[in-house]
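All chains are named by letter (A, B, ...) in the order of the sequence lines, taking the proteins before the strands, and each is independently numbered beginning at 1.
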2 protein chains.
Amino acid sequence: MFAATQPVAKTLEPCGTPDHEDCGLRLTLDRLGEKWTVMVIAELSTGPRRYREIERALSGVTQRMLTLTLRRLERDGLVDRHVEPTNPPSVTYSLTTHGLGFSAITAGLVEWSREHKDVILASREAYDGRGKG
Amino acid sequence: MFAATQPVAKTLEPCGTPDHEDCGLRLTLDRLGEKWTVMVIAELSTGPRRYREIERALSGVTQRMLTLTLRRLERDGLVDRHVEPTNPPSVTYSLTTHGLGFSAITAGLVEWSREHKDVILASREAYDGRGKG
DNA sequence: CCGTATCCCAAGTGATACTG
DNA sequence: CAGTATCACTTGGGATACGG
């Protein structure tokens with residue numbers, strides 16, 4: 001009960017310096033900031049999926065964006081792409097070991113978001129409700 | 001050693017559905033995706049700071065972006081803004097209890113990023129190095 | 001000291017059409 | 001099935017100048 005008024009999360013400090021680029025945080029945030037990344041990771045976190053399966057799971061995604069997202073995740077070594085040379089071809093995506101660790105991080109994010117959704121929304125309403133007395 | 005080939009992070013699945021907007025993940029990701037959010041949180045994670053102190057700590061930030069970032073964090077209830085009506089005025093920012101929890105989440109992100117920076121960079125180089133034999 | 005107001009550009013994204 | 005190509009739009013963010 002004493003920590004609330006006096007924050008003590010030293011872990012974060014080294015990345016607030018001018019040298020923050022060097023700590024690699026931007027690499028992660030750039031990926032995370034993209035619209036479909038977490039949902040793709042989420043879909044793959046329960047097992048390998050084919051392109052079409054991911055597309056169907058992510059309501060609203062365009063082929064362009066799905067492919068872009070998958071390519072970037074593959075480039076960063078988070079996702080593995082396997083092509084079965086049938087006709088028509090069958091392409092399967094899965095998380096790498098590296099990607100699996102990433103999915104654990106995002107899982108914490110998802111959980112926190114779900115738990116604090118209402119707090120955030122309420123806070124916004126209160127904030128926006130100012131302007132008169 | 002058995003988990004690497006068969007991912008099992010069920011926690012993520014509910015947010016990959018078409019109803020993903022409802023889980024509040026987007027609220028968190030929108031904030032996180034912004035360029036200066038994590039660095040502001042990082043700076044405040046070790047204690048309250050005045051506007052000018054944050055500005056100096058975040059090399060390269062403009063007043064416009066710093067103010068924008070702080071306002072959005074305040075609106076979401078993550079940061080508290082305290083004005084001391086001196087002349088000239090003194091404004092102090094600090095993490096709320098809510099924000100402190102958020103900083104814990106981002107701390108995990110920072111740590112993971114630092115540990116995997118090299119893996120990501122190497123993976124990119126390997127990926128980009130394709131095109132010939 | 002602590003902001004706000006404008007302008008402007010680049011990047012992320014969506015829509016749509018086409019292909020091996 | 002699994003993409004690629006093109007275009008057009010919207011938003012984030014930097015530069016700069018001004019104000020209480």
Could you tell me whether the side chain of B:Arg64 has a donor or acceptor atom within less than 3.5 Å of a complementary atom in the base of D:dG13? yes

Presence of [X] side-chain N/O under 4.0 Å of [N] phosphate oxygens OP1/OP2:
X	N	result
A:Tyr93	D:dC1	no
B:Arg72	D:dG13	yes
A:Arg52	D:dC1	yes

Nearest-angstrom distance from the residue atom [atom1] of [X] to [atom2] of [N]:
X	N	atom1	atom2	value
A:Leu70	D:dA2	CG	P	11 Å
B:Glu53	C:dC1	CD	C1'	12 Å
B:Arg56	C:dC2	CZ	P	9 Å
A:Asn87	D:dG3	CG	P	14 Å
B:Met65	C:dA10	CE	C1'	14 Å
A:Leu66	C:dA15	CG	C1'	16 Å
A:Lys35	D:dG12	NZ	P	12 Å
B:Arg31	D:dG13	CZ	P	10 Å

Which sits closer to the 5' end of DNA chain D, B:Gln63 or B:Leu68, going by the nucleotide each is nearest to? B:Leu68

Shortest side-chain distance from [X], nucleotide among [options]:
X	options	result
B:Thr62	C:dT4, D:dA15, C:dC2	D:dA15
A:Thr67	D:dT4, C:dG3, D:dG20	D:dT4
B:Tyr51	C:dG20, C:dG3, C:dG14	C:dG3

Would you mind classifying the nucleic acid contact of B:Arg50 as base, sugar-phosphate or nothing, using non-hydrogen atoms under 4.0 angstrom? sugar-phosphate

Heavy atoms under 4.0 Å, any strand shown: does A:Glu34 hit a base, just sugar-phosphate, or nothing? sugar-phosphate

Evaluate the side chain to side chain donor-acceptor pair (under 3.5 Å) criterion for residues A:Thr46 and A:Arg49: first the C-alpha distance (whole Å), next the side-chain angles of each, then the deciding distance (0.1 Å), finally the verdict. CA-CA 9 Å; A:Thr46 49; A:Arg49 292 284 186 282; 3.0 Å; yes

What pair of heavy atoms forms the shortest contact from A:Thr28 to B:Ser113, and how long is it? OG1-OG, 2.6 Å

Which pair of non-hydrogen atoms, one from A:Leu32 and one from B:Leu29, has the smallest distance, and what is that distance? O-CD2, 4.0 Å

Are the charged groups of A:Arg75 and B:Asp128 less than 4.0 angstrom apart, N to O? yes

Using the side chain to side chain donor-acceptor pair (under 3.5 Å) definition, which of the options B:Glu53, B:Arg81, B:His82 pairs with B:Tyr93? B:Arg81

